[in-house]
Amino acid sequence: MSVRVRRVYEAPAPDDGVRVLVDRLWPRGLAKDAARVDEWPKGLTPSTELRRWYHAGEGSYEEFARRYEAELAAPEAAELLDHVRDLARKGPVTLLTSAKEPEHSHAAVLVRLLG
């Protein structure tokens, strides 16, 4: 199973496989055709409240990851996570995010849960 994370602003690569945008909001300044997004499961993204809490600097990354994993246990999110897992079993999947530090974002949590 091959799942990786890339910034959505990077040019698509031939080995990206299925490109899945994992941000709730569309990335600023990026044309939809240039992003080459195959899927955009908004229900898989952190809630607005959790995202704002984390970006306000009110908690650690570890606490954010714990809260996000709890959100992913909800039925809709769990179903979407299973869908992405199924995609990864069939071929490469690239999770796309606009986060400046993908390794400290929700995308890293997703990679860990998918792996």
Side-chain angles (χ1 to χ4, degrees):
M1 193 167 4
S2 172
V3 179
R4 69 177 177 178
V5 176
R6 295 184 67 209
R7 292 203 67 224
V8 70
Y9 298 107
E10 297 174 25
D15 62 343
D16 279 349
V18 179
R19 294 170 53 89
V20 181
L21 180 62
V22 294
D23 291 349
R24 185 168 299 268
L25 305 173
W26 187 261
R28 290 179 190 220
L30 185 63
K32 291 191 178 186
D33 59 334
R36 291 203 30 237
V37 170
D38 297 310
E39 297 199 18
W40 187 15
K42 294 179 188 176
L44 191 60
T45 64
S47 66
T48 300
E49 297 79 19
L50 181 58
R51 189 172 39 83
R52 287 181 180 162
W53 173 84
Y54 182 55
H55 291 297
E58 296 178 18
S60 67
Y61 175 74
E62 291 76 20
E63 178 64 15
F64 166 78
R66 187 189 66 72
R67 291 181 182 194
Y68 181 41
E69 285 183 43
E71 288 186 355
L72 291 171
E76 178 190 359
E79 186 177 317
L80 291 169
L81 191 61
D82 285 342
H83 171 68
V84 175
R85 192 174 286 117
D86 288 342
L87 291 173
R89 286 185 185 115
K90 297 174 185 170
V93 171
T94 300
L95 304 180
L96 303 170
T97 182
S98 61
K100 292 178 183 172
E101 294 181 27
E103 64 278 0
H104 293 105
S105 74
H106 64 290
V109 174
L110 290 171
V111 167
R112 183 170 43 80
L113 293 175
L114 291 166

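We're numbering straight along the sequence, starting at 1. Just so it is clear, the values below take in all heavy atoms, side chains as well, and ignore hydrogens, waters and symmetry mates. Keep in mind that this is a model prediction, so the values were computed, not measured.
P92 has its side chain out of reach of D15: every pair of non-hydrogen atoms, C-beta onward, lies at least 4.5 Å apart. Side-chain contact between Y61 and E103: absent, with no pair of heavy atoms (C-beta onward) separated by less than 4.5 Å.
Between the side chain of R36 and the backbone N or O of A11, no donor-acceptor pair lies under 3.5 Å.
Under the side-chain contact (heavy atoms from CB on, under 4.5 Å) rule, L87 has a single partner from V3, V18, L114, D38, which is V18. In summary, of the residues considered (D23, V5, V111), a side-chain contact (heavy atoms from CB on, under 4.5 Å) with H106 occurs for D23 alone. Among the candidates L30, T97, V22, L95, the single residue satisfying the side-chain contact (heavy atoms from CB on, under 4.5 Å) test with V8 is L30.
Nearest heavy-atom pair across K32 and W40 is NZ-CZ3, 4.5 Å. Considering all non-hydrogen atoms of both residues, A34 and P12 come closest at O-CG, 4.0 Å. What you find for E71 and A77 is that their closest heavy atoms are O-CB, 3.7 Å. What you find for L96 and A35 is that their closest heavy atoms are CD1-O, 4.4 Å. Contact detail for P46 and Y68: the closest heavy-atom pair is N-CE1, 3.5 Å. Taking all atoms of both residues into account, the shortest heavy-atom contact from R6 to R19 is NH1-NH1, 3.9 Å.
Hydrophobic clustering keeps L25 apart from F64 (ILVMFWY residues linked when any side-chain heavy atoms are closer than 4.5 Å, directly or through intermediates). Note: the hydrophobic cluster containing L50 also contains L113 (ILVMFWY, side chain heavy atoms under 4.5 Å, direct or indirect links). Each of V37 and V93 belongs to its own hydrophobic cluster when Ile, Leu, Val, Met, Phe, Trp and Tyr are linked at side-chain heavy-atom distances under 4.5 angstrom. Connection of V84 to L21 is not established within any shared hydrophobic cluster, with ILVMFWY side chains joined at heavy-atom distances below 4.5 Å, either directly or through further cluster members.
With rounding to the nearest 0.5 angstrom, the CZ atom of R24 is 7.0 Å from the OG atom of S47. Between the CD atom in E76 and the CG atom in L81 there is a gap of 12.0 Å [rounded to 0.5 Å].
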Inset, instruction - Go through D82 and R85 one step at a time and tell me if the side-chain contact (heavy atoms from CB on, under 4.5 Å) criterion holds. - result: CA-CA 5 Å; D82 285 342; R85 192 174 286 117; 2.7 Å; yes

Inset, instruction - Check the pair R67 / Y54 against side-chain contact (heavy atoms from CB on, under 4.5 Å), numbers first and verdict last. - result: CA-CA 10 Å; R67 291 181 182 194; Y54 182 55; over 6 Å; no

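The number of heavy-atom neighbours closer than 6.0 Å to CZ of R112, taken from other residues, nucleotides and ligands shown, is above 12.
Between E63 and R66 there is a salt bridge, since at least one side-chain N of the basic residue sits less than 4.0 Å from a carboxylate O of the acidic one.
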